Amino acid sequence: EEDAQKFRKSHKSKVTGDDIPLPIGSFQDMIGRFNIDKKLLTNLLAAEFVEPTAIQCESIAISLSNRDLIACAPTGSGKTLAFLIPLIQKIITEPVGKNHGIRGLIISPTNELAHQIFNQLEAITKGYSKRLNCAILSKQLANKLNNKIINSSKYDIIVTTPLRLIDIVHNQAIDLSKVSNLIIDEADKLFDHGFAEQTDEILTHCTFPHIQKSMFSATIPSGVEEMAHSIMKDPIRVIIGHKEA
Ligand code: ADP
Ligand code: MG
């Protein structure tokens, strides 16, 4: 507890909500606390991610405690890994049985940002190819899904922009009913660009009963905060540095 207070003070961070888990202190902490898959840890170290950043310390503990999350941290503070690490851990350890299908959905405002996320995802999932099938919803993949050349249930994690996703949702060419983890990245930009409606519509197709939702942003304007609270259940809110909005 005391260490957590010191940690938060030194990072100018504010964490609010019910039953807040303690932040992790190192990536190795994830072994004892969350039984993290060894290969995931090896991949992180191989990619020269040695020490978690402040937002990673908080988000990893919160997400692996199965809590909804509103995370606000400056650009360049490592928000991508803050959501990818717990997402991968959860999906590779989830019992799937016959219930396979898209379980992780990451929404990003632009294709360029979606590619950046996908690149980091590939870097830290090396060697998981048999257990984890990740894809970016490219134009080609969208076409294949629309033409029923590929079934969406072949994938475990999809990274996409809202517009591209909405298009195939309208064609009923993607099954989002198994999505157990929804991540909205750069939520402020998404809402600035007027994607609120699309995001709402996507949400109505994510019907999995125990879906966990996370939102990441560099700023949390009040509209985004309201939206987050309207779609989340008892979220924990993490703010690193100063709230700029
Ligand atoms: P944000 O989304 O918060 O703007 P990114 O997730 O894009 O930030 O990360 C910014 C940069 O920091 C990237 O180049 C990423 O590889 C690097 N990075 C992220 N986490 C770590 C870490 N724990 N150790 C070292 N570098 C990191
Ligand atoms: Mg980012």
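Here the structure is a predicted model, which is why all the values come from computation and not from measurement. FYI, side chains are in, hydrogens and waters are out, and symmetry mates aren't considered; it's all heavy atoms of this structure. Numbering of ligands and ligand atoms starts at 1, following listing order.
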**OP:** Check each atom of ligand 1 against the heavy atoms of Ser77 and keep those under 4.0 Å away; list them by number with element.
**Re:** 1 (P), 3 (O), 8 (O)
Original post:
Can you find a protein heavy atom closer to atom 11 (C) of ligand 1 than 4.0 Å?
Top reply: no
Subject >> Proximity flag Ala73 to ligand 1, non-hydrogen atoms under 4.0 Å >> reply: no
Original post:
Got Cys134 and Tyr128 here, is their nearest side-chain heavy-atom distance under 4.5 Å?
Top reply: no
Original post:
Can you list the residues that meet the side-chain hydrogen bond (donor to acceptor under 3.5 Å, both in side chains) rule with Asn143, with sequence neighbours excluded?
Top reply: none
Subject >> Side-chain donor or acceptor of Thr110 paired with backbone N/O of Leu113 under 3.5 Å >> reply: yes
Original post:
Just which atoms of ligand 1 are under 4.0 Å from any heavy atom in Thr75?
Top reply: 4 (O)
**OP:** Output every pair passing side-chain hydrogen bond (donor to acceptor under 3.5 Å, both in side chains) with a member in residues 69-87, not counting sequence neighbours, ordered by first then second residue.
**Re:** none
**OP:** Check ligand 1 against Thr80 and write out every atom of the ligand that is under 4.0 Å from a heavy-atom position of the residue.
**Re:** 2 (O), 5 (P), 6 (O), 7 (O)
**OP:** Compute whether any side-chain donor of one residue and acceptor of the other, for His229 and Glu225, lie under 3.5 angstrom apart.
**Re:** yes
**OP:** Could you tell me whether Asp68 and Lys233 have a side-chain N and a carboxylate O separated by less than 4.0 Å?
**Re:** no
Subject >> Proximal atoms of ligand 1 relative to Phe49 (non-hydrogen, under 4.0 Å) >> reply: 16 (O), 18 (N), 21 (C), 22 (C), 24 (N), 25 (C), 26 (N), 27 (C)
Original post:
Could Asp167 and Lys139 be called an ion pair, given the rule that one side-chain N must be under 4.0 Å from one carboxylate O?
Top reply: no
**OP:** Around atom 8 (O) of ligand 1, find the nearest protein heavy atom and jot down its residue, atom name and distance.
**Re:** Gly78 N, 3.2 Å
Original post:
So do Ile107 and Ile202 actually touch side chain to side chain, heavy atoms under 4.5 Å?
Top reply: yes
Original post:
What is the closest protein heavy atom to atom 4 (O) of ligand 1, and at what distance does it sit?
Top reply: Gly76 N, 2.6 Å
Subject >> Ligand-side contact atoms (ligand 1) for residue partner Glu51, heavy atom cut-off under 4.0 Å >> reply: 22 (C), 23 (N), 24 (N)
Subject >> Protein non-hydrogen atom below 4.0 angstrom of atom 14 (O) of ligand 1 present >> reply: no
Subject >> Residue of the set His210, Lys90, Glu94 for which side chain to side chain donor-acceptor pair (under 3.5 Å) holds with Ser180 >> reply: Glu94
**OP:** For atom 19 (C) of ligand 1, grab the closest protein heavy atom and report residue, atom and distance to one decimal in Å.
**Re:** Gln56 NE2, 3.6 Å
Original post:
Does an N or O from Val50, backbone or side chain, lie closer than 3.5 Å to an N or O of ligand 1?
Top reply: no
**OP:** Mark the output for Pro74 as yes if a heavy-atom distance to ligand 1 is under 4.0 Å, and as no if none is.
**Re:** yes
